[in-house]
Amino acid sequence: MPTLAFPSEALTRTGSLNVGSVPPLADADRKPLMKKDVAADHPTWCPGCGDFSVLALYFKLIEKRKMHHEKITTVAGIGCSSRFPYFVQAHGAHFIHGRALPFASGVSLSRPDLHVFVFGGDGDAFSIGGNHFTHTARKNVKMTYCVMDNNVYGLTKNQTSPTSPIGYKSKTDVWGSGDRPINPMKQAIAAGATFVARTTHTNPNHVLQIMEAAMDHDGFSFIECLSECVEFYPGAFDGANPRKGGQFPLVPENHDVTDEYAAYQLSEDLMPGKFGIFYKVSRPTKNANEAKIISTNREKFAALPDWQILQKNFDRMK
Amino acid sequence: MPTLAFPSEALTRTGSLNVGSVPPLADADRKPLMKKDVAADHPTWCPGCGDFSVLALYFKLIEKRKMHHEKITTVAGIGCSSRFPYFVQAHGAHFIHGRALPFASGVSLSRPDLHVFVFGGDGDAFSIGGNHFTHTARKNVKMTYCVMDNNVYGLTKNQTSPTSPIGYKSKTDVWGSGDRPINPMKQAIAAGATFVARTTHTNPNHVLQIMEAAMDHDGFSFIECLSECVEFYPGAFDGANPRKGGQFPLVPENHDVTDEYAAYQLSEDLMPGKFGIFYKVSRPTKNANEAKIISTNREKFAALPDWQILQKNFDRMK
Amino acid sequence: MSDTTTAAAQAGGPPQISQISEAVIRIAGNSQDGIQAIGGFLARLAGRSEQEVMTFMTIPSTISGGPSIFQVRIGSGEVLSAGDEADVLLCFYQHSYEGHLGSLKKGGIVLYDSDHVKEIKPENETKYRHIGLPISSLVVEAIGGTGRDKGKNVYALGLIAKMFNLEVPKLHRLLQERFAGKDPKVAETAIAAFNGGYSHTLAAAAELFKFKPGENIGQNQIVMGGNEALAYGLIAAGVRFGAGYPITPWSDIMELLRKELPKYGGSFIQCEDEIASVSMAIGASWGGRVAVTGSSGPGIALKTEAIGWAVMAEVPLVVVDVQRGGPSTGMPTNVEQSDLNIACFGGHGDSPRVVIAPSSVEDCFYTAIEAVNIARKYSTPVIIITDQGIATRIEAFKMPELNKICQDITPDFTPVADHKPYDLAAPDGVTRHLAPGTRVASGKYPIVTGLEHDELGHPTGSPKLHLQMTAKRRNKLRKLGAELPVPAVFGPPEGQVLLISWGSSKGPVEEAVKQARAAGNAVSSLHIKYLNPMPNGLEKIFEGFSHVFVVELNDEGLYGYGQLAALLRARYCDSKIRGITKVDGLTWKVREILDRVNVMTK
Amino acid sequence: MSDTTTAAAQAGGPPQISQISEAVIRIAGNSQDGIQAIGGFLARLAGRSEQEVMTFMTIPSTISGGPSIFQVRIGSGEVLSAGDEADVLLCFYQHSYEGHLGSLKKGGIVLYDSDHVKEIKPENETKYRHIGLPISSLVVEAIGGTGRDKGKNVYALGLIAKMFNLEVPKLHRLLQERFAGKDPKVAETAIAAFNGGYSHTLAAAAELFKFKPGENIGQNQIVMGGNEALAYGLIAAGVRFGAGYPITPWSDIMELLRKELPKYGGSFIQCEDEIASVSMAIGASWGGRVAVTGSSGPGIALKTEAIGWAVMAEVPLVVVDVQRGGPSTGMPTNVEQSDLNIACFGGHGDSPRVVIAPSSVEDCFYTAIEAVNIARKYSTPVIIITDQGIATRIEAFKMPELNKICQDITPDFTPVADHKPYDLAAPDGVTRHLAPGTRVASGKYPIVTGLEHDELGHPTGSPKLHLQMTAKRRNKLRKLGAELPVPAVFGPPEGQVLLISWGSSKGPVEEAVKQARAAGNAVSSLHIKYLNPMPNGLEKIFEGFSHVFVVELNDEGLYGYGQLAALLRARYCDSKIRGITKVDGLTWKVREILDRVNVMTK
Ligand SMILES: Cc1ncc(C[n+]2csc(CCOP(=O)(O)OP(=O)(O)O)c2C)c(N)n1
Ligand SMILES: Cc1ncc(C[n+]2csc(CCOP(=O)(O)OP(=O)(O)O)c2C)c(N)n1
Ligand code: SF4
Ligand code: SF4
Ligand SMILES: [Mg+2]
Ligand SMILES: [Mg+2]
């Protein structure tokens, strides 16, 4: 057998890792997390940015649901909103623009013990990341995806976003945008998302309620949360803010959340639109499908160490 | 002024270009094209592949609509179906996998005199190319896109495609696929395509009729044409072939093609589904929007040569 | 403030006025303070005053702002860089004062807002001349309370105008132009704020200054930033279609083209991502007229597959890469020249393409035109690799003769008898495509493709054709290489050290040469603009020197040299070619270069 | 068929049997004929017979098939390449006959299907020994009309078994294994077809052959292709998650992993595209256990942005690039080694990563394990750059000791007191991540990011940190470089010519060395497996030779050398390092290498 220049090594987790001094701690002994325990860097958002509310409500969710630090996994792409993970004191990843969903899928599918939260902007989600949105939805990978939709590109300073309404004047559409915007609800429903909801940063109770429902959903749960960019698109969502003379129409009580066609019809284009859960059905997750394939495959091998499973294959190749 | 190492040159179109000997030819003097004039390379498809019918009907369309060679522009991505342009005696481009639509948009938007036809497979369109599909549709870029859907990856030899039905056994899903397939009709309607139709290669008259309607549509016209892969997924569409015991249910006569919700509801998942035009509305094309921006902008400058328009800007920067 | 004519200030009277030939002014505050605007006014004024000017700025990468500076160097002679050290530092806050005092020349003037800057260490007072003014309160006095935050920058401009005896009528006109179109009140308030600053006696200053008459007198100058110049260059070259996706610092170019192209009958499309945008540009290029796409780091990485198609199909295309700090999202608002590798080698397979780098704002304009012409002439993608160092820098340069330089590159649709785009026997060895819409009388139409192909573009598996076509794609660029002008040595053609620059480092490197020669050292420099292929004959130039140091803003890499150095070492196998590199996200200071030269020649 | 013991055939009697030590058999037909299967059986048989074996095949890139060949070289000694020239050519059609006669050794045997091959030029008859048999009709005779197309390959296998006195019981068993699980009729028919061929007397042959006993007797051999070996190597290394998108020739690996991983509790996900798949693999890697993604040419180009993130965030990852002919879609089913540039330099910014290339099927297995171990040890992406030349080649090699080599790399979730992943003071200079789910008692959690960052992963604009972190990412790979084994020279350490090989060219290059030395020429070779970083100390090896020629399957580039040659020239600035390159889509023939050496040393 050739000798390996790099044989298997039990890697010691060195670096500044200080393993020895950690006291054993039973779950029951752990103090519930408070906001101050979960808040990390001070957000670099502009004062008044809608994203602050979403962050505050994520903290609330963690507090309310008594989550432990290490079980919180926050993933994002690139954008103002996508800076989210830096502000949360928990394991997090700030990935590349538009690819947060496949990254999060890798986490979710390989680590079924974690609940993965993904935060991002409308550009990240529906422009460069649009296809991943469709495919993560149809595969129903378990995670919660909250798109902080401000109808504009914030971080790159005011270009038209895929959700900017027709007529919106940006640096790339000085005469007003002419492209039909993406309707996130329709997109999600058509792609096969199993949980589709809409909320707005100005209604904290509603945001929290939707976040909880999303977190409890076994599958891909998608939230469009309107979140105002006060710097470039102030007033975008006044129409959905009763305090600014707008309206906050809830999804009708009698709406059947398992009726795809009804949900699609609720997704009309107009501001303010409806708020609440549009669609929610139960379909096997990709995670469950893979788990089933694994368990079927392992039945024959369950008792064997890995090398013997491989040996069986190799013996057949002699 | 610095001297340019590469000054502007009137490039002579050299190479094997033989410019001199072309006789002047009035449109009226031109013979209508026959199949043999438009057929180029012999297709490298497997005998019996559904793609042959689609090609034959494209030839028919050209013949019937008395098109001239040079006005036919055929663009494709990568896949068995995407080899299409090689088989057509006309200007054509065989681009990269999944990106035929933005390439074709570049042609369409910069060359409004051409009608651009794009052909490709389900993987090219809805897997790697899914996002371009959404955005080309919402922008309503004028072109005709015919997806030859065989529910499988042909060229790479039998992997699950985004339209493969649940349970389909491929090399990447030996136990049967578990992912909810993309529904091309729903995808197109939700994205805002303005012409959405469905046909199948086994019904030549219907294919031709749909191709004609698509070509006449001023906007992004999308056709899903079922096209059997006899090599890897034989019998996939028997359910839609009356000669194989299947059915060919047309879109009901009373269906309102301008009703988005009705169109969406027609797009049920089941084989055979419906055939015909699901959705057809008129919305300004991206081409028209750009033309309008140009004409508004040019109003002030119409009489000026380009350099003077630039001079005006530069004078302001002194 | 070289060769300052110093003169003792008369006791009690107004400060003495000294004649100077150049000055470096650094303004430090927060990005919200509009300090970029002050810089812009100064740069523009210099342009209108026949002075040379060069600027440099930093922008915080977070959206909510943060510390930011703008540095402007104005000179009566040639200005090669934005200056290592400032003559005057204007600072608005304590953090600006502390963060930037180190950039001030010994004995330089620090003008600070005493409303915010409260702590001055005594040792500093001996090193620098301090002038404290309650700028914030003075602004309120000049234009009223509401203007406090908005007018501070213009008030400071007035102070600077006073200090340097700048031409007030020209500055008034600039202010008026800037605020034209808005409520006339706005312009009035701005002028009031300016006058407030200008009318300050600056009694605390030991001396005031005046620029000597510029050498450029009579030249018709224009002032703009590098990204602007590049975008206008593309328009002048005849480009009428582009596609892109926003990313800093590329976005400026797409925003400008989006706004301007329609005036010329063209369009710029904002796409869903970078892949769509390069694909769309390629489609339009094939449509008959070279199109442009561009991005910065991450977006360039996404475009590599499609650029490879353009290489294979031999479709002309211009790709702009406005480099920033990498890898990955990196340092989005910092300068770096670390994309040369991906520009040259980012394609899979043997994928030769042209890479050229502009060296100044003016050069951005002309490089864009050359890129279009090379793309057309050699039917190839051309990557313009510019950097943050010129992208956001403002310079004055001579007004181009637009009537001569603007090009018409409308495609030719004359029918042809027959055509083989990939003709192996083409006399110039270069592929020529027909624009779709062109009639071919023979009825045999070509295809453009990313598969290896025969002369008509139809796919082939023939080993021979793959060999021939690979050679064709490579040889046309060798031909280009042979046609490239051999760059001239800056300084004598023989000496101890040859510094090599590319991109925005040209200025600092040439200034380093000047300073080194002034100190009696035999240093020259060579600027390489055409990076792939490179011109022939460089080895002869290298022969004249004992050391060849490639000065570039990237890392020293696994083996101790930067990215251009690697290309040169591979080509010439000359071990005297070594690297002077850094990646601190800032442009070169002349001193840094000279210090490194000293160490490496010891 | 070296050292054949020839003996005159007895007149009229059965052909004489000669002992041979090796033979090269080429089978030429269409891809539909199942000729790959014949080759596979022969290779597997050789493996079970303690013989060495190496194969080579071509596949048409169009789906509807076309001409295809399979070449197998079987030897009792070490087999280094698939052989320049065939001893026996078996051809099914006139086009196969004409296309491949040139690959036959002078005096070699051509066995052809006389039902299809009708024209034999008289001059050929004198050059080669012709044996025509109506194979198509004979198959019908043996197994009936319906089997005509399907049984031809197995019938031909019978003929070859007869000609080389192969072990019939082993072949019967192989056929049975192959067709097990299907209708038992299928296996029966196959054996009938085989026996039909085997029972042919081959009276027209002047002689028949028998292999000398192999040197490998006693070894426990295993037979597989390179892609298979690589996939199994990843499993042995402990990889339990992968993500990919289909593309030839990478797809085999993903298909195998998709099918096998669940047995070990793992998954492989087919994604919507290559970007999603690399992103998913990175996500899973961060999840705690190195994951794999891969592709070929175009797909690798799409992955470069995300790989750059893994470089910046220092997340371990294995990326497989099964190279094929480029650029763009290129020559999808041909061999080429032209992705070295993109593998090393495909990222924007300074983006150092590890690149290693396996050289044989066996090496694919072990390289996969090393890649995982390097990725973990240095917390870095590792690109395994393999090529079509080994990907689809079948070889026999010694059964690995799986109980020793299989690794458990389950992540460690033990809570820690505190942790800075990007610790600048880490004793080994290497970043270590905590798998999410690990408790940090201090309550300070790290972030992984593509922005430049501080030690906890939080973004920074600090010039100093960018310098330090850039150095950290570079220096850990320098450290790896220093730990890499210096490769051993094949042949004496001094001489006239040193040939350098990488990837699948190792075999042909070493065979070229053997032949050259046999002819009295002082040629040695050096195989470089670790391409980025390269091991230190190569310059000392080069000192022993007057010429260093880098033999690679890519283009000579703009300046006359290939891609690895460029790396070596840049590092060592030694102009005796030159390139021997080609891009005809075929593996190296020993003669081609030697001819080029001759020319270049003249
Ligand atoms: C590949 C790539 N392309 C472009 C960018 C530049 N970029 C950063 S964020 C962003 C869009 C931001 O918009 P959105 O996702 O809506 O987030 P917001 O800032 O509005 O919260 C873009 C285009 C990038 N970082 N990477
Ligand atoms: C970037 C890239 N990824 C993958 C491939 C390999 N590939 C070629 S065609 C194809 C899919 C073919 O399926 P489809 O689009 O349905 O076309 P079909 O062959 O079925 O007509 C794939 C994955 C490629 N050429 N380029
Ligand atoms: S730019 Fe807009 S989205 Fe970004 S932080 Fe500011 S307000 Fe929020
Ligand atoms: S593989 Fe399938 S899709 Fe491809 S040519 Fe053959 S039958 Fe048609
Ligand atoms: Mg946004
Ligand atoms: Mg398909």
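The figures here come from the full heavy-atom set of this structure, side chains too, leaving out hydrogens, waters and symmetry mates. Just so it is clear, the structure is predicted and the values come from calculations on it, not from any experiment. Protein chains get the first letters and strands the later ones, always in sequence-line order, with residue 1 at the start of each.
- Looking at A:K300, there are no atoms closer than 4.5 Å to chain D (heavy atoms on both sides), in backbone or side chain.
- When side chains are defined from C-beta on, D:D273 does not count as touching A:H135, because their heavy atoms never get closer than 4.5 Å.
- With a threshold of 4.5 angstrom between heavy atoms, D:P459 approaches chain A through its backbone and through its side chain.
- Side-chain atoms of D:W309 come within 3.5 Å of backbone atoms of A:H94 as a donor-acceptor pair (strictly under, hydrogens ignored).
- Heavy atoms closer than 4.5 Å to chain A are found nowhere in D:D408, neither backbone nor side chain.
- Under the 3.5 Å distance criterion, the side-chain polar atoms of A:H132 are left unmatched by any main-chain donor or acceptor of D:A276.
- Heavy-atom distances place no part of D:R289 under 4.5 Å from chain A, backbone and side chain included.
- Contacts between D:K444 and chain A at a heavy-atom distance below 4.5 Å involve backbone atoms as well as side-chain atoms.
- Residue contact with chain A, scored on non-hydrogen atoms closer than 4.5 Å, is absent for D:R173.
- For A:R138, no part lies near chain D; criterion is any non-hydrogen pair under 4.5 Å.
- In this structure, chain D has heavy atoms under 4.5 Å from both the backbone and the side chain of A:R99.
- For chain A, no part of D:L456 is nearby; none of its heavy atoms comes within less than 4.5 Å.
- Side-chain atoms of A:N313 and D:K263, non-hydrogen and from C-beta on, do get closer than 4.5 Å to each other.
- At a 4.5 Å heavy-atom cutoff, the contact between D:A306 and chain A is made by backbone and side-chain atoms alike.
- Interface remark: A:S105 contributes backbone and side-chain atoms alike to the contact with chain D (heavy atom separation under 4.5 Å).
- With a 4.5 angstrom heavy-atom cutoff, D:P485 touches chain A only via side-chain atoms.
- Looking at D:Y264, the atoms closer than 4.5 Å to chain A (heavy atoms on both sides) sit in the backbone and in the side chain alike.
- Residues A:F314 and D:M224 meet the side-chain proximity criterion, which asks for heavy atoms closer than 4.5 Å.
- Looking at A:N131, the atoms closer than 4.5 Å to chain D (heavy atoms on both sides) sit in the backbone and in the side chain alike.
- No side-chain heavy atom of A:T74 sits under 4.5 Å from any side-chain heavy atom of D:Y445.
- Of the atoms belonging to A:A104, not a single heavy atom falls under 4.5 Å from chain D.
- For a residue to count as touching a neighbouring chain, one of its non-hydrogen atoms must lie under 4.5 Å from one of that chain's; by this rule A:L4 touches chain D with backbone and side chain alike.
- D:T438 places a side-chain heavy atom less than 4.5 Å from the side chain of A:H91.
- Heavy-atom distances place the side chain of A:F301, and not its backbone, under 4.5 Å from chain D.
- When heavy atoms are compared at a cutoff of 4.5 Å, D:Y530 approaches chain A solely by way of its side chain, counted from C-beta outward.
- Counting heavy atoms from C-beta on, the side chains of A:F6 and D:Y378 come closer than 4.5 Å.
- When heavy atoms are compared at a cutoff of 4.5 Å, D:E455 does not approach chain A at all.
- Looking at D:A243, neither its backbone nor its side chain comes within 4.5 Å of chain A, counting heavy atoms on both sides.
- Looking only at distances, no side-chain donor or acceptor of A:E70 sits under 3.5 Å from a matching main-chain atom of D:V440.
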